Amino acid sequence: ATPLNPSPQQAEAEEGKKVLTVAVAQSVDSLSPFLATRLSSTSINRLMYEYLTDYDPGDNHAVPGLATEWKPSADKLTWTYTIRSGAKWSDGKSITAKDAAWTFNKMMTDEAAATANGSFVANFRKVTAPSDTELVVELKKPQATMTALDVPIVPEHVWSKVKDLSKFNNDKTFPVVGNGPYVLTGYKPDSYVRMEANKTFWRGAPKFDELVFKYYKDGDAAVAALRKGEVSFVSGLTPAQADSLAHQPDIKVNDAPGRRFYALAVNPGARAKDGTRMGDGDPSLRDPRLREALFRAVDRKTLIDKVFQGHAVDGEGYLPPRFSAYFWKPSAEQERGYDPAAAARLLDEAGYKKNGEGRRTGKDGKPLDYRLLCHATDPNDKAVGQYLKEWWGKLGIGVTLDCLDNVSDPWLAGTYDLAFDGWSVNPDPDFVLSIHTCDALPATPKRTGATDNFICDKKYDALYARQLAEYDPARRADLVKQMQSRLYDLGYMNVMAYPNAVEAYRTDQIAHIQTMPAKAGNIYGQDGYWSWWSAKPAASDGSSDDSDSTGVVIGVIAGAVVLAGIAAFLTYRRRTTAEDRE
Amino acid sequence: MSTGTGTGPLPIRETVAPATTTPRRTRTTRTTPYLHYVAGKLAGALVSLLAVLITGFFLFRLIPGDPVRTMTGGRPVSAEQLAAYRREFGLDLPLWQQFTDYCGKALTGDLGTSYQFRTPVLDKITEALPNTLLLTGTAFVLYTALGLTLGTRSAWRHGRLGDRLHTGLALTLYSVPSFWLGLLLVIVFSVGAGPVPGLFPTGGMEDAGTEGFAHVVDVAHHLVLPVLTLVAVEYGQTLLVTRSALLDEMGSDYLTTARAKGLRDDAVRRRHAVPNALLPTVTLIFVNLGRTVAGVILVETVFSWPGLGGLFYQALSVPDLPLVQGLFLFFASAVIVMNTLADLVYPLLDPRVGR
Amino acid sequence: MTTTTAPPLLTARDLHVTFPGRRGADPARAVDGVELDIGAGEIVALVGESGCGKTTLARALLGLVRPTSGRVTFAGTPMEYSSRALRAYRKRVQLVLQDPSGSLNPRHTVYEAVAEGLRIHGYAGDERAAVTEALSRAGLRPPERFLLRHPHELSGGQRQRVVIAGALVLEPELLVADEPVASLDASVRGEILALLLRLRTELGLSALVVTHDLGLAWNIADRVAVMYLGRIVETGAVEQVLSAPRHPYTRALLSVLPDSPGEPEVLAGEPPDPSRIPPGCRFHARCPVLASGEAERAGVAGACRTEDPGVPGGGREAEVACHWARARAGA
Amino acid sequence: MTTEATPPAAAPGPGPRALARQRRRRAAAHFWRQYRTHRAGLVGLAVLALFALVALTAPLTVGSDVASVTDAPGRPLQGPSGAFPLGADRYGRNLLGLLVWGSRVSLLVGLLAAVLSVAIGALVGITAGHFRGPWATLLMRVTDWFLVMPTLVLAIALATVMSRSLGTVVLAIGVTSWPTTARLVRAQTLAVESRPYIERAKALGGGHWHVMTRHVLPNVMPLVLAQATLMVSLSILSEATLAFLGLGDPSVVSWGGLLQDAREAGAVSSGDWWYLVPPGLAIAVVALAFTLCGRAVESVLNPRLGVTR
Amino acid sequence: MTLLDVRDLRVTYPGGAAAVRGVDLSLEAGHKLGVAGESGSGKSTLALALLRLLPAGTRVTGEVLLDGEDVLTMRWGRVRAVRWAGASIVFQGAMHSLNPVHRVGDQIAEPILLHRKESGAAARRRTGELLEHVGLPAARAAAYPHELSGGQRQRVMIAMALACDPRLIVADEPTTALDVMIQAQVLRLIERLVAEQDLGLIMISHDLSVLADTCDRLAVMYAGRVVEEGPARTVHEHARHPYGQALSAAFPRIGDPASRYAPRGLPGDPPDPAALPGGCAFHPRCPVALAGCAEDDPALREAAPGHRAACVHVTPPVPPLPGPAAPAAGETRSGT
Ligand SMILES: Nc1ncnc2c1ncn2[C@@H]1O[C@H](COP(=O)(O)OP(=O)(O)OP(=O)(O)O)[C@@H](O)[C@H]1O
Ligand SMILES: Nc1ncnc2c1ncn2[C@@H]1O[C@H](COP(=O)(O)OP(=O)(O)OP(=O)(O)O)[C@@H](O)[C@H]1O
Ligand SMILES: [Mg+2]
Ligand SMILES: [Mg+2]
């Protein structure tokens with residue numbers, strides 16, 4: 001290596017270090033597990049701090065994390081976790097149940113600490129650590145999600161010194177004490193996050209010595225960097241990028257079913273818990289036949305083919321098929337398939353006749369014209385919006401695309417008719433189910449509720465309550481499916497697709513990496529640290545480095561030549577001007 | 001009060017005569033007029049800063065919706081928490097009080113706390129500032145030098161082939177959207193197109209983990225393409241302004257005098273023509289910093305440069321109002337300060353002004 | 001011209017124009033107590049070196065600057081400064097400026113330039129006839145040839161004729177000409193002056209001609225007023241003042257003319273500064289009579305330094321504001 | 001006596017109106033003669049004419065159907081071929097057609113924004129230059145303030161606080177880019193106001209209105225015209241920039257919007273150059289054409305710029 | 001040997017304007033030559049041509065012998081050496097001829113450093129001397145041009161012209177922009193310096209009386225050509241060319257009753273150098289033009305010893321002149 005060579009891979013390779021570089025597009029909001037909400041930062045936190053339980057990469061069932069065992073009491077209100085003994089923080093101190101208890105108690109008592117994960121402890125009555133290996137959580141109400149507490153456990157001896165958790169971003173002193181597979185050793189905002197393998201990680205040290213998350217604002221730049229071997233892994237590929245990378249040697253494109261659903265939400269007439277109406281959703285949308293007609297005019301297959309270009313799965317039920325235990329799809333008679341003719345018929349029957357200009361009129365005689373709320377920054381929203389506009393236009397229904405940077409305001413205020421909606425689903429579906437309960441509605445119009453799009457249905461709520469108290473997985477799964485069926489029938493949430501996670505990595509740098517679920521699973525943003533923990537370096541890691549360093553050399557030479565040329569040109573000009581005029 | 005030029009689009013046609021009145025012959029004392037002048041300019045700058053402060057506040061109050069809701073970004077939040085946020089960000093106070101608080105805080109450098117990073121806005125700015133300074137500074141020096149040299153050469157030999165080529169190229173590059181040029185450069189020089197190997201990194205400012213000299217080289221390596229983009233779209237402006245300023249001077253009698261003295265042609269140019277032509281150009285260069293600031297937003301976005309422009313873009317897409325507002329204030333004040341500096345430097349360059 | 005005893009057409013009494021000083025400088029007293037009469041059909045030349053306030057005085061007479069104090073009376077009525085009164089006034093008094101090229105809007109044709117005044121004053125008659133007549137009166141014949149031309153298509157002399165035609169078209173009673181030939185070629189100069197003289201005989205026009213050229217005064221004026229630092233210091237009939245100047249300043253002005261006999265008396269120093277008018281006689285600092293000790297001999301040196309010699313009346317009598325000259329005359 | 005006898009001019013010549021018309025015709029002819037000598041300006045004009053033709057005839061040549069996604073004829077991101085000379089976009093729409101269709105929005109926004117900006121600028125400039133005193137000072141303060149504001153930052157801020165629509169874009173560009181014009185117009189107004197013919201007009205009895213409309217405005221107009229031409233190119237660039245930053249109206253096809261689409265679709269790294277290059281090129285060419293025309297107009301109206309001794 | 005000998009100098013500007021059309025002049029050291037003529041007659045062009053300062057593309061033919069050496073055929077290096085050291089120029093408008101951003105002292109010192117290769121200190125000393133020579137305190141060297149009044153600036157220009165002790169000074173309208181009083185100061189100064197240093201002086205002006213007062217000999221130019229040449233007084237008072245006569249009548253002598261209420265001028269417009277009338281260029285304006293004047297362009301003829309004029313009315317045996325003020329009525333005028 002020459003002194004001119006700045007390539008980290010090369011520099012580290014000299015010392016025999018294996019570095020895994022991951023391109024990320026989202027900047028880190030905070031590295032404090034109490035504050036971080038973005039996927040980029042929670043993924044990093046996941047690598048720094050162990051949770052009580054993990055999800056099995058195969059089928060998502062709970063497996064030991066920091067806790068080796070857990071069991072509920074008979075009244076379902078007390079959970080006892082056995083904490084792994086002998087495990088150590090990266091600074092050598094032992095991990096005890098006290099750390100876990102401190103973490104939970106902090107979240108229950110300090111508003112700032114509850115910022116990111118407060119919902120997990122909302123139902124906790126009390127958390128204690130009777131011994132170093134025993135953690136006891138007392139609940140207010142039974143809660144089935146106690147093996148899905150995605151809460152990073154932090155070392156009390158470090159964090160108890162933090163004065164104001166709302167201002168502490170955990171990014172000043174390195175290395176940051178942790179107990180995950182990697183230890184945070186460096187952070188430059190909007191540049192990179194650097195982590196070193198935790199050699200003492202209880203599940204075994206990662207194979208790579210170093211993990212770098214490199215920040216690329218621009219997806220294309222990240223892909224280009226992957227092409228050149230500057231990074232080993234890129235996620236969030238567009239169909240075009242995936243297609244072009246697929247033909248590239250040394251690059252593997254991983255096109256896995258995602259954990260997101262992508263839906264069209266209808267404003268059901270937003271209201272607060274106290275019954276006051278909110279927002280200005282079009283009342284005609286409360287007519288189920290109209291909603292059905294709208295959705296029957298949506299050709300999901302075209303959307304998958306054209307917008308997602310095959311990188312998505314046709315949307316049916318609420319939860320993506322990836323979570324096989326809970327997956328549900330509508331029965332044949334229930335299903336609202338693509339049938340524009342049927343849709344038109346439905347509308348005619350329901351009395352939405354076409355006027356002279358070919359536009360459907362509502363009960364008040366005015367043409368139907370809806371606002372469709374979309375994220376200005378989401379290309380899919382805009383694209384799908386175009387299709388919907390044209391399809392519904394053919395039905396005689398007008399649509400205005402309202403693409404905003406900030407959709408949360410109209411969304412929370414209920415000032416929309418239709419909107420694009422989508423959530424990433426956790427292995428435990430509790431959260432995405434809870435957001436459609438009446439309980440999630442805001443208490444008054446002034447407040448913010450947890451509700452998604454103001455759906456409130458007694459039957460659904462009853463099912464929800466039952467599943468939450470049901471500790472038997474099979475029976476709970478059945479209840480969840482019934483809920484999805486009910487949700488489908490209501491017709492306020494129309495899932496159009498489950499977008500795939502499209503990712504790519506360099507096979508000459510990564511020999512093997514664990515996907516989740518193991519077959520046909522994704523890599524970035526897993527429910528766990530499996531991918532980065534499991535990644536194995538390829539034997540011949542270095543070919544790209546050579547090209548990189550020659551790149552630098554050629555670049556430097558090219559620059560020098562240009563400079564010399566300019567200098568020569570200028571001096572030449574000077575000499576000629578001096579002589580040939582007065 | 002800035003001297004009479006524009007940030008303009010195309011300053012080629014700016015009337016560069018300092019629009020502010022330049023008393024030609026006030027010979028009461030030597031220093032007081034300059035102090036008068038300085039005081040005037042500083043007062044003007046202060047007024048402008050104040051205006052920026054006020055706009056910064058009210059412009060972003062125009063945004064429909066509730067900032068707290070934006071801040072929570074749709075996460076389920078209890079009413080108590082919302083109230084707490086409102087209190088934390090002072091949003092529960094009456095507007096006038098918010099305004100006075102905001103002014104008071106802004107004056108002490110407290111620009112509020114970013115919604116998305118939960119960090120003081122000022123910290124985010126100071127964090128990103130050096131990177132932006134590195135990028136713009138390098139580009140600024142290069143495009144100014146390039147524009148000035150080529151501009152004077154073009155004007156001096158105007159109408160010749162070289163002049164036509166230079167002006168043509170400058171005009172063309174000037175018309176090219178900077179983000180597009182940046183993308184093309186990425187395709188050609190980073191990704192590599194055809195026979196051209198990917199010579200430069202696709203984005204970012206540095207690779208993790210380099211130290212010392214290697215780090216400097218690394219940053220320089222990352223710097224090439226963004227700087228090239230900025231220089232390409234910006235130098236034309238300077239070139240054209242310099243050229244027309246010099247063309248204006250070309251017929252001047254003092255140049256004939258200088259020639260009559262027996263000076264060589266390039267001495268006439270360097271010693272007599274350029275210093276005069278430089279004067280209007282200097283103001284323009286500073287005024288045009290505003291444009292460069294804008295260019296930086298795009299270039300930093302395209303090249304993932306961790307600077308203020310990128311931060312602004314990020315803040316916009318949330319939108320992270322305190323950050324947007326803070327950056328707005330910062331950009332505007334920076335340009336005002338630069339302009340005021342230019343105004344203060346101007347009399348040192350041109351003896352006719354401000355004495 | 002024989003003197004008449006009719007009341008003067010225009011009078012300025014104790015006229016002052018002060019410009020505020022810029023950036024802390026003292027205010028400039030550009031016109032500092034001027035008394036001036038212009039009789040009907042009379043041509044008065046106002047002479048003086050650069051910066052003495054000639055133009056300012058001329059502008060004040062037209063109401064283009066408002067005097068700080070003092071009064072201008074035209075045809076017996078004091079001037080008012082409401083825009084309506086000014087407009088009416090400016091129909092009767094016209095201004096011709098030094099630089100004919102600058103006085104014509106390069107985008108207007110000759111026709112428009114001449115008709116401008118008519119349009120402003122809402123002339124009811126045949127505009128075109130009035131314009132052609134004014135042009136031919138100003139010596140641009142045949143006028144049709146010029147109507148469509150732009151100023152840049154005319155020579156300097158022609159341009160000045162257009163400007164004069166533009167003034168004549170309103171049939172004014174008084175013409176104020178601020179250095180009307182200074183920017184013209186030597187050979188053209190005489191033609192324009194001849195035109196002014198002819199207009200006087202043909203139309204009975206009065207004129208105030210502002211100039212620094214004493215030869216011009218000799219060429220056409222009936223009376224001359226010599227101005228120094230904002231004030232008229234000597235006035236009288238042209239023959240009298242220019243052949244037998246009494247004020248040392250007038251003498252010096254005459255002596256430096258190339259053709260003048262005798263040694264030139266070149267005044268030392270720069271043109272004086274209206275923001276710092278010396279006490280006593282305003283000329284005393286540069287006065288050769290005082291410097292040579294002649295004033296001392298005449299016993300007025302003290303008065304020169306401390307006593308304001310006063311303002312000569314603006315009328316027809318020859319008057320001089322000089323202690324020494326008065327002393328000599330008295331002697 | 002000054003002029004020699006010439007064949008007497010055709011008796012009582014044409015009336016003043018006719019004279020004025022005649023003069024205007026002559027001025028236009030003169031202008032065109034001068035303009036013709038600027039080769040770059042001619043090229044610019046030809047390009048503009050071409051683009052204008054393309055934009056105006058777009059409803060006939062491509063029709064609004066090119067923008068339809070449901071009837072898109074091609075495969076997404078299909079490369080150039082006979083049927084799709086510039087390939088297809090991510091919906092499979094014909095890119096050439098989109099480019100043609102998009103020219104309408106880009107040119108329209110450019111023109112409107114430029115007109116708005118120049119109108120504001122000219123108004124402010126003339127008023128501030130003509131009237132003295134506190135009013136002018138205030139106006140110039142405001143202008144100065146806008147002048148030093150980073151235009152794009154302000155435009156972005158405006159576009160953020162307003163709803164997404166073409167009107168917003170026009171407004172954001174127009175409202176932020178006028179100060180340069182105002183400055184120029186004011187400088188020109190001051191220059192005109194210091195000319196003796198203004199003094200003469202005042203001495204003739206002309207009031208503010210007379211001076212501003214008869215003298216200042218005609219003298220400022222050419223500058224305003226040249227400025228407007230140059231402004232169009234700036235506005236087109238600004239529109240593209242705002243669209244690229246995602247601040248445009250997503251439901252209309254414009255060149256900047258196409259570029260943003262291309263980037264969102266990942267065309268840069270997947271090598272789909274046909275998606276990326278033509279819209280950018282179109283922007284650059286039109287902006288350049290306007291700039292060339294503007295410069296030519298400017299140098300015709302102000303010959304001092306180009307020629308020196 | 002004559003200091004300056006100009007032979008058949010012709011200058012045509014790129015646009016086709018023949019600004020100088022065959023001028024012959026000569027000047028002995030220690031003598032003063034005045035060149036008069038109205039605006040556009042080619043006076044400044046002549047001055048610039050002497051040092052080859054005309055813009056590129058201008059066609060210059062003829063000879064300009066400075067101390068016997070032809071400036072027009074010299075190598076550029078030699079031209080630069082001759083400039084200022086051999087001949088210097090005081091330009092028309094001092095306001096614009098001084099560089100506004102340099103101190104006047106530096107501007108004066110510039111040619112000294114360039115031609116004499118003196119040290120900075122010596123040049124500064126010399127600058128001080130020069131300034132005092134023209135009546136300005138040496139301390140004014142630190143001033144910028146805008147801090148000086150018009151007369152002072154013109155004096156700086158003169159000091160600058162003297163910097164390298166040239167043998168010839170060309171003063172192109174050194175006093176036009178100045179007030180009467182300052183004009184007198186400057187003229188006295190120039191006269192004094194020329195007398196002291198035995199320089200050759202060419203003074204250009206449109207004011208015949210000023211030139212007559214200052215110079216030994218006078219040349220009157222019209223449309224790029226010398227139309228009258230002779231001893232200064234004679235030309236001023238008894239001009240033989242009708243143009244010369246008109247020019248000298250333009251500035252009346254105060255006290256001369258003939259010019260009281262009788263301004264005299266020349267009808268017609270100055271000619272356009274790009275489209276000169278055929279024959280004698282003056283004939284369209286000439287009050288005494290003959291029919292042949294439209295065809296023949298008369299050369300300079302001897303009117304009296306040392307006094308030549310280019311007019312058909314001039315014949316060597318001095319005939320009685322037609323009265324200058326009384327041109328015979330229009331019958332001799334030619335129609336156009
Ligand atoms: N608008 C103004 N503001 C301030 N000072 C002024 C203004 N106009 C004139 N002055 C000053 O008033 C004095 C008289 O000026 P004025 O123009 O009347 O002189 P002038 O006799 O016409 O000179 P010139 O012969 O050079 O035209 C000068 O010192 C000038 O600087
Ligand atoms: N660079 C040039 N290009 C073309 N024509 C020129 C140029 N310079 C001068 N002329 C023309 O040449 C003629 C002579 O000009 P010159 O400057 O020598 O006149 P002048 O006698 O010095 O006049 P003035 O008294 O106004 O200074 C004029 O008609 C002028 O228009
Ligand atoms: Mg004056
Ligand atoms: Mg000249």
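Keep in mind that the numbers below use all heavy atoms, side chains included, and drop hydrogens, waters and symmetry copies. Everything numeric in this text was worked out from a predicted model, so none of it was measured. Chain A is the first sequence line, chain B the second, and so forth, proteins listed ahead of strands; every chain is numbered from 1.
Here the shortest heavy-atom pairing between E:Val101 and B:Asn276 reads CG1-OD1, 3.5 Å. The shortest non-hydrogen separation linking B:Arg271 to E:Asn99 is O-ND2, 4.2 Å. B:Ala260 approaches E:Trp84 most closely through the heavy-atom pair O-CE3, 3.2 Å.
With rounding to the nearest 0.5 Å, the separation of CG in B:Leu263 from CG in E:Leu114 is 5.5 Å.
Only the side chain of E:Glu110 has a heavy atom closer than 4.5 Å to any heavy atom of chain B.
The stretch residues 198-207 of chain E places none of its residues near chain B, where near means some heavy atom under 4.5 Å from a heavy atom of that chain.
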Show me, pair by pair, the donor-acceptor contacts under 3.5 angstrom made by side chains of residues 40-51 of chain E, not counting sequence neighbours?
from, atom 1, to, atom 2, distance (Å)
E:Ser41, OG, E:Glu38, O, 2.7
E:Lys43, NZ, E:Gly37, O, 2.9
E:Lys43, NZ, E:Glu38, O, 3.0
E:Ser44, OG, E:Gln92, OE1, 3.3
E:Ser44, OG, E:Asp172, OD2, 2.8
E:Thr45, OG1, E:Tyr13, OH, 3.1

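Checking side-chain atoms of E:His115 against main-chain N and O of B:Lys261 turns up a donor-acceptor pair under 3.5 Å. E:Arg80 places no side-chain N or O within 3.5 Å of a backbone atom of B:Arg264 that could act as its donor or acceptor partner.
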side-chain contact (heavy atoms from CB on, under 4.5 Å) between B:Thr257 and E:Met160: does it pass, once the steps are laid out? CA-CA 10 Å; B:Thr257 311; E:Met160 197 152 90; 3.6 Å; yes
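For E:Arg124, the CZ atom is loosely surrounded, since the number of other residues' heavy atoms within 6.0 Å does not exceed 12.
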